[in-house]
Amino acid sequence: MAKSTVMALDGAKAVANAMRQINPDVVAAYPITPQTEIVQNFSQFVADGLVDTEFIPVESEHAAMSACIGASAAGGRVMTATASAGLALMWEVVYVAASMRLPIVMSVVNRALSAPLNIHCDHSDSMGARDAGWIQIYAETAQEAYDNTLQAIRIAEHPDLRVPVMSMQDGFITGHGVERVEILDDEEVKKFIGTYQPQHSLLDVDHPATYGAWDFYDFYFEHKRQQTDALSKAMPIIVQVGEEYGKLTGRRYGIFDPYEMDDAEVAIVVLSSTAGTARTVIKALRQKGIKIGLIKPRVFRPFPAQELTEALKNVKVVAVLDRSIAFGAMGGAGPLFLELCAALYAYGDGRGPQVVDYIFGLGGRDVLPAYIERAAQDILHIAETGERGDLVRYLGLRE
Amino acid sequence: MAIKLKELAGIEERLTSGHRLCAGCAESIIIRQIVNAIEEPIVIATATGCTEIATSVYPWSSWRVPWIHSAFENAATTAAGAEAMYRSLVRQGKIEDKNIKFLAIGGDGATYDIGLQWISGVFERGHKVIYICLNNEAYMNTGIQRSSATPLGAHTTTSPAGEVIPGKTQWRKPLTKIMAAHDIPYVAQASPHRWRDLMEKAQKAVEADGPAFLNVISPCPRGWRHDSSLSIEVAKMAVETCYWPLYEVRNGSEWTLNYKPKEKLPVTEWLKMQGRFRHLFTPQFEYVIEELQAKVDEEWDKLLALCGEK
Amino acid sequence: MPNLEATWKEASWGGVVYEAGNSVEYITGGWRSFRPIRDMEQCTHCMICWVYCPDSAVLVKDGKVVGFDYDHCKGCGICAQECPVNVKEPHEYTGQMGKVIQMVPETEFEGW
């Protein structure tokens with residue numbers, strides 16, 4: 001096992017430390033709650049000479065991603081971080097980065113979108129960017145946020161992909177929550193991420209190339225097909241990088257984390273920090289002999305449709321917990337539910353589980369174990385009676 | 001470096017033929033003058049607009065220098081990102097220092113309007129980016145809509161001359177002064193008809209070794225409604241009427257007038273060359289010409305004072 | 001000449017064009033309705049047409065204008081408008097007095 005140090009860090013500081021160890025050639029970022037701690041900690045590393053990074057303290061998030069695009073096209077390693085309105089402001093160029101196949105890594109500390117203004121956690125920011133062509137990875141803990149950041153570099157820069165990666169953690173909950181985090185030795189990180197080999201560079205004045213040419217209807221379709229092909233090839237690479245990281249640290253990473261799924265008759269599917277709360281609830285229910293399990297997807301883009309369908313094939317009822325709403329979508333459900341339903345329909349054998357959706361935790365609303373237990377009781381009831389009832393429900397809402 | 005056309009004319013063009021700008025478009029004239037005057041290796045970022053779409057129709061490219069387009073508003077920042085990467089990689093010894101210069105090019109829409117914040121940020125942070133505004137005074141790529149560079153009285157499709165409204169009802173944003181107010185090493189206004197002045201300004205911008213801004217008037221035969229052969233003449237008249245003075249500002253405070261017409265011509269001489277002002281030559285709207293002349297005179301007087309010419 | 005029929009597997013990733021300046025193979029001369037004709041004898045090779053050409057279509061060799069690139073000249077007429085030299089003898093092609101570079105309707109040429 002590689003040498004590491006145990007530290008008490010919150011998720012934002014853990015990510016800032018990962019960035020210090022990655023030592024990107026350029027970081028362009030703008031402060032926004034609850035991401036600010038990443039950018040300010042990283043700025044301190046720059047000020048202290050602990051990194052070689054050229055740090056660009058831009059005037060907006062759109063400028064952050066714009067600078068990242070220019071810098072990445074110029075052939076070096078590039079990172080940024082944002083949240084909420086910042087991600088929304090950079091939306092246009094989030095697409096550009098992916099479409100130009102620039103392996104930028106962006107840390108997102110999930111926060112609600114306005115209005116009303118709210119600085120606390122939900123997933124409406126990154127879920128809004130789910131179709132932008134980026135790989136999306138969600139972390140449950142500060143440790144995972146740290147680990148995912150390092151792996152994101154390897155995934156984004158893989159020569160078969162060249163796809164940017166968004167690495168998420170929950171604002172305040174893990175972003176500002178201090179945890180025990182194992183930080184690898186700097187040298188180990190250096191070895192793990194390797195040196196970046198750009199395919200080409202804007203700075204290669206001896207071999208000038210044109211980046212960001214525009215497409216008529218005669219080529220745009222082909223370039224979009226390439227992008228979707230790249231994302232379809234990402235899963236095995238994410239798995240391979242996760243396994244390699246596991247050998248190094250003892251912490252193995254895959255596509256999703258199952259808990260008590262072997263004989264589960266009902267299951268909860270939830271992203272990020274809430275999975276921890278759900279695990280506690282499930283552990284208690286298991287002690288009462290209830291056959292309930294948990295799946296915490298780690299990778300949301302590309303969506304592991306077949307893998308989740310397979311994992312849930314013997315389950316009777318699934319409760320999906322969504323921390324955002326896809327407004328106007330089927331039943332007013334959340335994105336995780338919608339994707340999972342589509343997967344079960346497309347890849348299932350028709351005998352797959354019933355699925356209900358629970359919208360929870362919007363704008364940082366607390367998620368109590370009792371709420372998850374209520375969802376668990378609901379799906380146990382559905383499993384018993386076969387009566388599904390409401391497709392979409394709400395946890396922790398004053399009704 | 002002294003500019004000798006006979007020597008320059010032999011070099012390999014950095015912007016090649018085969019681009020799809022309209023016949024008589026001044027944008028490529030301006031770009032050729034600038035990029036051919038710069039000896040150093042260059043990297044160019046271009047904002048969405050006529051030049052961008054006409055020179056990079058996949059799988060074609062008219063650029064023999066590294067070139068990038070990202071979006072409409074962010075050419076300055078895209079160039080700044082590349083410039084930051086260059087500084088980083090050179091400082092770390094990862095690449096050789098080739099004395100690369102970074103240019104950003106945008107139209108007046110990209111510069112005066114949608115991209116102003118990005119340019120301002122790049123200048124404040126001191127990125128060594130030379131920003132060039134190809135100022136054809138409207139959104140020409142989308143079909144002639146008014147921008148904050150469009151002058152008073154001009155007909156555009158979103159400031160049309162009608163029965164009661166005489167085209168654009170506002171004057172124009174004093175962008176060159178706004179850029180000069182950033183106290184950056186070099187800011188200049190130029191015109192392609194005075195090619196030597198423009199080429200020297202490109203060289204001065206390089207030598208200034210810091211953020212620089214060139215605002216270059218760029219006649220547009222389609223949008224300004226003049227014959228394609230007259231683009232240089234129309235630019236010249238803009239300068240002879242003092243509508244578009246040629247000047248430079250160093251470090252926000254050292255103002256130099258580069259050209260003073262022997263006889264300052266009335267602005268009508270410039271207006272009458274262009275169909276976009278045709279409606280002003282009617283009894284109903286001729287008062288606009290007076291207002292326009294008054295604005296030109298007022299700005300010219302202020303400029304003369306700033307340049308120590310009066 | 002780039003592959004205009006490239007499939008999605010063949011097209012370059014992200015639309016990067018590696019053949020810098022390949023638009024020289026894209027012909028824009030067909031846009032032209034007037035053709036600039038230069039009186040070669042009376043031309044002083046001042047290069048004003050070169051510096052004002054929007055299409056890099058004035059061909060220069062060893063400090064001399066050697067002709068126009070009619071594959072790319074769009075016939076805007078700027079070179080003729082800005083040519084500072086008046087002919088002393090009638091123009092060798094048009095037979096007219098006036099500038100060394102004069103515009104001639106394309107309809108007068110073969111292949112129209």
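We name chains A, B, ... by the order of the sequence lines, and we start the count at 1 in each one.
- Considering every non-hydrogen atom in both A:Val93 and B:Ala71, the closest pair reads CG1-CB, 4.3 Å.
- Between B:Leu89 and A:Glu54, the closest side-chain pair of non-hydrogen atoms is not below 4.5 Å.
- Atom OG1 of B:Thr55 and atom CH2 of A:Trp214 lie 10.5 Å apart (nearest 0.5 Å).
- Contact of A:Val58 with chain B is made through backbone and side chain together, with heavy-atom distances under 4.5 Å.
- Note on B:Lys94, B:Arg91, B:Lys98: by heavy-atom pairs under 4.5 Å with chain A, the leading option is B:Arg91.
- Heavy atoms only, all atoms of each residue included: A:Ser66 and B:Trp118 are closest at OG-NE1, 4.0 Å.
- Taking OG from B:Ser70 and CE from A:Met65, the interatomic distance works out to 10.0 Å, rounded to the nearest 0.5 Å.
- Residues B:Ala84 and A:Ile56 come closest through the heavy atom pair CB-CD1, 3.4 Å.
- Other residues, nucleotides and ligands contribute over 12 non-hydrogen atoms within 6.0 Å of the NZ atom of A:Lys224.
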message: Using side-chain hydrogen bond (donor to acceptor under 3.5 Å, both in side chains), reason through B:Ser61 and A:Thr210 one step at a time and then give a plain yes or no.
response: CA-CA 7 Å; B:Ser61 166; A:Thr210 292; 2.5 Å; yes

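- Distance check: B:Ile68 CD1 to A:Ile69 CD1 gives 7.5 Å after rounding to the nearest 0.5 Å.
- Closest heavy-atom contact between B:Gly121 and A:Glu59: CA-OE1, 3.7 Å.
- Chain B forms more heavy-atom pairs under 4.5 Å with one residue of A:Val78, A:Asp52, A:Val26 than with any other, namely A:Asp52.
- Contact annotation for B:Glu52: both backbone and side-chain heavy atoms come within less than 4.5 Å of a heavy atom of chain A.
- Contact of B:Ile44 with chain A is not made at all, since no heavy-atom distance falls under 4.5 Å.
- Only the side chain of B:Val43 comes within contact range of chain A, judged by heavy atoms closer than 4.5 Å.
- Closest approach of A:Ala74 and B:Ala82 over heavy atoms only: CB-CA, 4.0 Å.
- When A:Phe219, A:Tyr220, A:Phe216 are each tested for a side-chain contact (heavy atoms from CB on, under 4.5 Å) with B:Tyr58, only one passes: A:Phe219.
- Residues of residues 194-209 of chain A that come within less than 4.5 angstrom of chain B, heavy atom to heavy atom, are A:Leu202, A:Leu203, A:Asp204, A:Val205, A:Asp206, A:Pro208, A:Ala209 in numerical order.
- When B:Glu124, B:Arg125, B:Gln117 are compared by the number of non-hydrogen pairs under 4.5 Å with chain A, B:Arg125 comes out ahead.
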